[in-house]
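All remarks here apply to the structure that follows.
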Amino acid sequence: MTKKRILFGFLGLIVLYLCYLAYIFILSPKTNLQSIYLIPKDAVFIIESEQPVESWEQISKSEGWRHLKKNAYFSDLTENIQRVDTIFNNNHKLFEFFDNRSLFISIHMISPKDYGIFYVLDLKRIAKLQLLKTYLNTLLDDGYVLSKRTYHEQEILEVHDRESKETMYLAFIKNQLVASYTHTLVEASIDQYMEPVLGRNLNFLEINQKVGHEDLFRMYVQYHYFDDYVQMYSDRPSDWVKRVSENFLFSGFYFDLDENSTLTANGYTNISGVNEYYLEALQKSGTAKRSVPEVAPNSTALYISYGFDSFAEFYKNFESVQQNDPEQFESYQTSIAKMEKFLKIDIKEHFVSWIGDEIAVLQIQSHINKGKNDVALVLKANDAEAAKTNLDFVVEQIRKKTPVKFKAVNYKDYEINFLSIKGFFKMLLGGRFDEFDKPYFTQIDDFVIFSDSPNTLKGIIDKVSEGDILATSEEFKSFDERFDSESSVFVYSNVPLLFDNMYALADAPTKQKMLKNKDFIICFPQVGLQLSPEDDLFESRLVLNYRNVDEVKRTFKTSTSVNKAIPKKQASASTEITDAVFDLKPIYPTDLNAKSFRKQYTNGNTRFEVDLKDGLKHGRYEEFYPDGTRKIRGRFRDDVQVGTWRYYDKNGEQVHKKRF
């Protein structure tokens, strides 16, 4: 009898517990809290996944991730993620139980040079089981200490690691588990529970709803804090980062990772109401096919394309959106009118009328000076003859109204001219184009190309003549096919070349860090971003193309490995002088109307001097030793050596000559 009572009593307890579970999971009121309400408002990046275990497994097993984990710098950046990876591997069964539950990971700046990572996991109804908190103890061994404290009536659990001396902070807020190694982020989350900011931001919600819940995971960028994040890696103020932070609000992407570790992200971006106007004008002006690769050298490190149905429509929209700021619009009109009156030109007739459906900015690896980037602005013309006629008229008006007396020069049958209107493109299109202050320009077929350096134009002409352009590059064409053929904004980066450009401009400590981590940067040799208008947003696509670093070095042009000094050639015992002494290096004068070009030694003495005509060597050439003694003498005609050239020793005695 006693055994039956015990058995029935035990069964009764089980039934009661099952009823309790049924109430918890089925009958109890649904008072779930959305995860986004608990993310601190200053998140720079937010990663969201509905299947975090499956997504993490796919990422952590990819070739690209395995390559990056070998890098000490990357390991430092992802230290918290590596901890999660370890916990996941050690407690796989537990995390499988949590799969199919929404997980958010956000990154926040906690100091000028450091960031913290914050986690939110939606436990759904199991959060109502008090046993869940108790079960936490089963994950902890003697190496951990669990303590508790209260913040704004919410209990915070502190899990201290005796060995690492670090503490993870956790809190259960309704159906959500929040965690971070930074206590201020958990406290900020509790503050958000009381008064949500990010979760009620209409601009964020607009992007969140459009992105939906697809593929591997989603990532959101809040641009207001983006510049703070970038400053963690560089103390130098960056103009483009500042513009990004000011012009964009949020981006949201959903990601897919293919078997080649190429990461493709599709999503949406909204822009700030206080932007540089051309973004809003672009959003209203349609799209265009990209054609600038027909003149963009294969040595292009960065290609930024702006496309529209027509430039005339874009310019009309650009003027229209500026009227939202009457003071700015009046200033803009005044500047344009003042220039038109002074030069007796009409901007719409002499510029807007002939510009076609694409303009682009190119940053090109310099073939002259590795400490300086070559930058060019390319305008596609809808009528090549109209472009030439109108630009010739403007140049003639400048000649009449200003003291500038530049004479057009011919280089390989292309005419290079000078547009001496200070700040013209900044005035016409906004601050994004202030790099082109008083540019030279040339025309190649349907493309008019501007640059502040005539040597940049010469370099482009050389590459186009040789056919060494993006349009003939199999690597670029293959990558470009991952995007729609038409867009409003398209950004392409050849990362190895961009790395070289940035390396040349860096200080010594930064150069050391860059060289140390080069293989872990250039393993993503091509990065692209595309924006196309959709309603009031930009539909966005981001692609990062992973390649084995050895393959990158073989395939993509890059000059920076470790800059090893090239040993000087030892003089032969015979000290024989050959015709090779007359093989001279090319020169790059920046003043195409100059009559001569001269270079000096550090002691101030002349290294060499040559006469010029239209920027080309033409006339007398003399070269000297550091003490001023003549070394070489000869003549050029149209950049070609002619006549008899003579070579002298340090005593001034002629020791060799050659007839050209």
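Heads up: numbering here begins at 1 and tracks the sequence.
- Between Lys41 and Glu195 there is no salt bridge, since no side-chain N of the basic residue sits under 4.0 Å from a carboxylate O of the acidic one.
- For the residue pair Asp536/Gln283, the side-chain donor-acceptor check at 3.5 Å is not satisfied.
- For the residue pair Asn266 / Tyr254, no side-chain donor-acceptor distance below 3.5 Å is found, with atom types taken as modelled.
- Checking side-chain atoms of Asp161 against main-chain N and O of Glu163 turns up a donor-acceptor pair under 3.5 Å.
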Subject >> Worked verdict on Tyr37 versus Tyr193 for side chain to side chain contact (heavy atoms under 4.5 Å, CB included) >> reply: CA-CA 6 Å; Tyr37 286 154; Tyr193 170 55; over 6 Å; no

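- Ring pair Tyr223/Phe248 is tilted by interplanar angle, where 30° to 60° counts as tilted.
- A salt bridge links Lys210 with Glu534; the closest basic N to acidic carboxylate O contact falls under 4.0 Å.
- Looking only at distances, a side-chain donor or acceptor of Ser488 sits under 3.5 Å from a matching main-chain atom of Gly286.
- Ser272 and Asn247 share no donor-acceptor pair across their side chains, judged by distance under 3.5 Å alone.
- Inspection of the Thr287 and Glu486 side chains reveals an N or O donor paired with an N or O acceptor under 3.5 Å.
- Under 3.5 Å, the side chains of Tyr220 and Glu48 contain a donor-acceptor pair of N or O atoms.
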**OP:** Evaluate the criterion side chain to side chain donor-acceptor pair (under 3.5 Å) for residue pair Asp535 and Tyr268; output intermediate values, then yes/no.
**Re:** CA-CA 11 Å; Asp535 298 327; Tyr268 298 86; over 6 Å; no

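- Here the side chain of Ser180 pairs a donor or acceptor atom with the backbone of Thr182 at under 3.5 angstrom.
- Relative to the ring axis of Phe490, Arg290 places its NZ or CZ within 45° and under 6.0 Å from the centre.
- Here the options are Gln526, Arg482, Arg547, the test is side-chain contact (heavy atoms from CB on, under 4.5 Å), and the partner is Thr262; only Arg482 passes.
- Side-chain contact annotation: Ser532 with Glu539, donor-acceptor N/O pair under 3.5 Å absent.
- Ser189 places no side-chain N or O within donor-acceptor distance of the main-chain N or O of Leu185, the cut-off being under 3.5 Å.
- Aromatic ring pairs are classed by plane angle as parallel below 30°, tilted from 30° to 60° and perpendicular above 60°; the pair Phe308 and Phe314 is parallel.
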